[in-house]
Amino acid sequence: MAHLSATAATLRFFGDDLEPEELNHLLGKNPTKSHRKGDVIVGKVTGKKRIAKTGSWLFQATSHEPGDHDAQILEILSALSKNIETRKELTTRFEADINCGLFMDEGNEGIGLSKETLESLAARQ
């Protein structure tokens, strides 16, 4: 199996009527980054301003070097509210995903998720 030199994982919610404070309350955690539709967003690198086309709530896992995307997904899921019904409600109201970045030093020989991680993700469908 390929060696992951680094990994990144972020839980993301998007929606035009998304209010970050509501998700903070329902998920029991403040996001890494959030904004409402229409907010002015300033780029970190360029300083260029843009208007948010939709609302977003992002919660990023701790960076891992060497990479461990399995641990990052479990970190995200365990850090937030344990109420599965709340999570299911949010995924019906908003677009939601866990965005993963896998950074390798060599070709991809196959990456997998543990049974525990897959079961945790499936329970939130």
Side-chain angles (χ1 to χ4, degrees):
M1 187 163 302
H3 167 77
L4 293 172
S5 62
T7 54
T10 305
L11 173 63
R12 308 182 311 173
F13 288 96
F14 300 102
D16 287 348
D17 63 343
L18 187 147
E19 290 292 333
E21 292 78 15
E22 178 188 12
L23 272 71
N24 297 355
H25 174 73
L26 292 171
L27 294 172
K29 199 79 166 176
N30 288 332
T32 307
K33 186 184 337 181
S34 67
H35 59 263
R36 289 177 191 78
K37 180 178 180 174
D39 283 353
V40 176
I41 300 170
V42 180
K44 285 184 194 178
V45 176
T46 64
K48 197 172 188 177
K49 294 180 182 179
R50 67 178 178 86
I51 304 297
K53 293 181 181 180
T54 192
S56 72
W57 190 96
L58 310 163
F59 183 76
Q60 188 171 10
T62 307
S63 297
H64 280 247
E65 290 184 33
D68 189 349
H69 66 292
D70 201 61
Q72 288 176 306
I73 293 169
L74 289 175
E75 174 189 333
I76 288 169
L77 297 178
S78 65
L80 305 174
S81 169
K82 307 295 185 247
N83 187 328
I84 298 296
E85 293 308 313
T86 297
R87 292 184 189 187
K88 286 182 179 181
E89 175 196 341
L90 291 174
T91 59
T92 60
R93 289 178 53 202
F94 305 111
E95 290 181 45
D97 65 25
I98 295 180
N99 182 276
C100 296
L102 309 174
F103 308 97
M104 297 175 219
D105 291 329
E106 55 189 71
N108 184 356
E109 298 172 6
I111 303 298
L113 294 174
S114 72
K115 179 182 172 188
E116 178 184 12
T117 300
L118 290 172
E119 287 173 346
S120 293
L121 289 168
R124 289 153 178 88
Q125 290 289 347

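Remember, predicted model here, so these are calculated numbers, not experimental data.
Note: His64 NE2 to Thr7 OG1 = 6.0 Å, rounded to the nearest 0.5 Å. Separating the CG atom in Leu113 from the CG atom in Leu118 is a distance of 5.0 Å, to the nearest 0.5 Å. To the nearest 0.5 Å, atom NZ of residue Lys29 and atom CH2 of residue Trp57 are 9.0 Å apart. Distance CD/Glu19 to CG/Asn24: 10.5 Å, rounded to 0.5 Å. Between Leu77 atom CG and Thr117 atom OG1 the span is 7.5 Å, to the nearest 0.5 Å. Atoms CG and CG, on Asp97 and Leu11 in that order, are 8.0 Å from each other to the nearest 0.5 Å.
Closest heavy-atom contact between Glu116 and Leu74: OE1-CD1, 3.8 Å. Taking all atoms of both residues into account, the shortest heavy-atom contact from Lys82 to Ala79 is NZ-N, 4.3 Å. In terms of heavy atoms, Val42 sits closest to Gly47 at CG1-O, 3.5 Å.
Using a distance-only test at 3.5 Å, with no hydrogens or angles considered, a donor-acceptor pair links the side chain of Thr32 to the main chain of Gln60. Within the 3.5 Å criterion, the main-chain N or O of Ser56 finds no donor-acceptor partner in the side chain of Arg12. Although no hydrogens or angles enter the test, the distance criterion places a donor-acceptor pair under 3.5 Å between the side chain of Gln72 and the main chain of Thr62. Here the side chain of Thr54 pairs a donor or acceptor atom with the backbone of Gly15 at under 3.5 angstrom. No donor-acceptor pair under 3.5 Å is formed between the side chain of Ser81 and the backbone N or O of Gly28. Looking only at distances, no side-chain donor or acceptor of Asp39 sits under 3.5 Å from a matching main-chain atom of Ala52.
Hydrophobic cluster membership differs between Ile73 and Ile84, with clusters built from Ile, Leu, Val, Met, Phe, Trp and Tyr side chains linked at under 4.5 angstrom. Hydrophobic clustering, with ILVMFWY side chains joined whenever heavy atoms are under 4.5 angstrom apart, keeps Phe13 apart from Ile41. Under a hydrophobic clustering in which Ile, Leu, Val, Met, Phe, Trp and Tyr are joined whenever their side-chain heavy atoms come within less than 4.5 Å, directly or via other members, Ile98 and Leu26 fall into the same cluster.
Within 6.0 Å of NZ on Lys49 lie no more than 12 heavy atoms contributed by other residues, nucleotides or ligands.
Counting heavy atoms from C-beta outward, Phe94 and Leu23 have side chains that approach closer than 4.5 Å.
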